[in-house]
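Shown next, in structure tokens, is the structure this report addresses.
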2 protein chains.
Amino acid sequence: MKLTIARLAQAAEVGVETVRFYQRSGLLAEPEKPATGYREYSHADVQRIRFIKRAQTLGFNLDNIADLLELDGPQICDVTHELALKKLHLVEEKIAALQSIRDALQGMVLQCESKHERGVCPIIQSLATDEAKGSRKKAASSAAL
Amino acid sequence: MKLTIARLAQAAEVGVETVRFYQRSGLLAEPEKPATGYREYSHADVQRIRFIKRAQTLGFNLDNIADLLELDGPQICDVTHELALKKLHLVEEKIAALQSIRDALQGMVLQCESKHERGVCPIIQSLATDEAKGSRKKAASSAAL
DNA sequence: CTTGACTCCGTACCTATGTACGGAGCATAC
DNA sequence: GTATGCTCCGTACATAGGTACGGAGTCAAG
């Protein structure tokens with residue numbers, strides 16, 4: 001079944017502009033433009049976009065995904081395995097960083113809820129002074145929430 | 001002690017351009033330009049930039065931080081408490097999402113390491129097909145690693 | 001054969017947080 | 001009094017992943 005770009009986009013649950021963006025980024029081939037009429041897309045293109053979207057939900061960026069899509073041959077698994085492992089480590093680091101942020105925030109929230117000096121906010125105090133006690137010193141840089 | 005912008009930046013461990021950026025963003029006031037000579041900064045400006053940087057490591061963005069810096073009066077704690085609590089929830093959501101990504105990646109890596117059909121990569125297979133079994137369906141959208 | 005919807009294409013814009021550049025003014029050291 | 005380095009200011013660029021716009025071509029229905 002041949003599709004126009006709008007129907008491809010709909011089937012893949014993305015916008016038309018996103019399809020074009022993937023084409024510009026080299027993730028998706030642009031079909032030949034016929035002498036008359038519109039470019040035609042296939043179900044394989046739908047699958048390819050879905051692949052991209054699924055890989056994105058696992059934290060792969062479009063560069064990674066381009067690599068994954070390029071893979072061919074009997075050694076594929078070596079490459080994907082390494083890529084997935086690398087990503088896994090990144091995710092674990094990120095989780096650790098966020099956990100240390102969470103601990104710091106929890107501490108602040110609790111302090112705020114317990115009795116404290118009138119007119120002095122412990123959260124502001126803790127941001128205004130350079131203690132670095134507890135969790136804040138270790139991992140929590142580059143949060144990017 | 002009065003500082004030039006470069007010495008302010010150095011004391012606060014940021015770049016000069018970052019100081020200017022914070023000024024443009026309204027996080028830091030620009031001192032009056034004297035009739036002759038350069039603008040003068042104080043230690044309070046150093047503290048303010050450090051405040052910003054510390055708040056950033058906790059996941060607050062510059063808009064949040066602008067709010068925090070604006071606060072004044074006896075009800076401060078209500079606002080900071082709410083902001084911190086909201087941020088805490090966001091961080092917890094983010095952690096959960098990343099954990100589900102981690103689980104999915106771990107599963108893939110393990111599959112890749114165990115025996116599997118020759119010439120077929122389980123990672124690619126799992127991205128190419130729409131099972132959504134296990135972890136992938138729940139939280140893992142909007143990864144932003 | 002006109003109308004409305006869709007495609008095609010290039011380009012500009014968006015978020016957030018900076019970074020970099022370039023020319024002119026100013027200050028301090030020699 | 002000049003060389004060097006700093007300040008000041010506006011502007012452009014960078015990232016990642018899209019999103020939007022505008023004008024021209026094309027297609028299908030009535």
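Here the structure is a predicted model, which means the values were calculated and not measured. Numbers restart at 1 for each chain; the letters A, B, ... are given by sequence-line order, proteins then strands.
- Linking ILVMFWY side-chain heavy atoms closer than 4.5 Å, directly or via other members, places B:Val79 and B:Leu69 in a single hydrophobic cluster.
- Atom C1' of nucleotide C:dG18 and atom CZ of B:Arg20 are separated by 14 Å, given to the nearest angstrom.
- Atom CG of A:Leu28 and atom C1' of D:dG18 are 15 Å apart (whole Å).
- Straight-line distance from the NZ atom of A:Lys33 to the C1' atom of C:dT7: 8 Å, rounded to whole Å.
- Among the nucleotides C:dC9, C:dT19, D:dG18, the one closest to any side-chain atom of B:Thr18 is C:dT19.
- The shortest distance between the side-chain N/O atoms of A:Tyr38 and the OP1/OP2 oxygens of D:dG25 is not below 4.0 Å.
- A:Tyr22 and A:Tyr38 are members of different hydrophobic clusters when ILVMFWY side chains are connected at heavy-atom separations under 4.5 Å.
- To the nearest angstrom, C1' of D:dT11 lies 17 Å from CD of B:Gln23.
- Here B:Asn61 lies in heavy-atom contact (under 4.0 Å) with sugar-phosphate atoms only.
- OP1 or OP2 of C:dG18 has at least one side-chain nitrogen or oxygen of B:Tyr22 nearer than 4.0 Å.
- Side-chain proximity of A:Tyr41 to the nucleotides C:dT19, C:dC8, D:dT19 is greatest for C:dC8.
- Put simply, the side chain of B:Cys112 reaches to within 4.5 Å of the side chain of A:Thr80, judged on heavy atoms.
- A close approach under 4.0 Å does not occur between any side-chain nitrogen or oxygen of A:Thr4 and OP1 or OP2 of C:dA5.
- An OP1 or OP2 oxygen of C:dG18 is reached within less than 4.0 angstrom by no side-chain nitrogen or oxygen of B:Ser25.
- Position along DNA chain D of the nearest nucleotide to A:Ala35 versus A:Phe21 favours A:Phe21 as the more 5'-ward residue.
- A close approach under 4.0 Å does occur between a side-chain nitrogen or oxygen of B:Arg39 and OP1 or OP2 of D:dC9.
- For A:Gln56 and D:dA16, the CD to P distance is 13 Å, given to the nearest whole Å.
- For B:Ile5, counting side-chain heavy atoms from C-beta on, the closest listed nucleotide (C:dA27, D:dC27, D:dT7) is D:dT7.
- Between the side chains of A:Glu93 and A:His89, not a single donor N or O lies within less than 3.5 Å of an accepting N or O.
- Summarising the geometry, the separation between CD on B:Glu40 and P on C:dA27 is reported as 11 Å, rounded to the nearest angstrom.
- B:Leu58 approaches A:Ala104 most closely through the heavy-atom pair CD2-CB, 3.6 Å.
- When the side-chain nitrogen and oxygen atoms of B:Lys53 are compared with OP1 and OP2 of C:dT17, none of them lie within a distance under 4.0 Å.
- Taking atom CZ of A:Arg24 as the reference point, atom P of D:dG17 lies 14 Å away to the nearest angstrom.
- Side chain of B:Leu62, nearest nucleotide from C:dG18, D:dC8, C:dA16: C:dG18.
- Of the residues near DNA chain C, B:Ile52 and B:Thr36, the one whose nearest nucleotide (by heavy atom distance) lies more toward the 5' end is B:Ile52.
- Salt bridge status for B:Glu32 with B:Arg39: absent, with no side-chain N to carboxylate O gap under 4.0 Å.
- Residue contacts for A:Gly37: at a heavy-atom cut-off of 4.0 Å it reaches the sugar-phosphate backbone alone, with no base atom in range.
- The nearest whole Å value for the distance from the CD atom in B:Glu17 to the C1' atom in D:dT7 is 11 Å.
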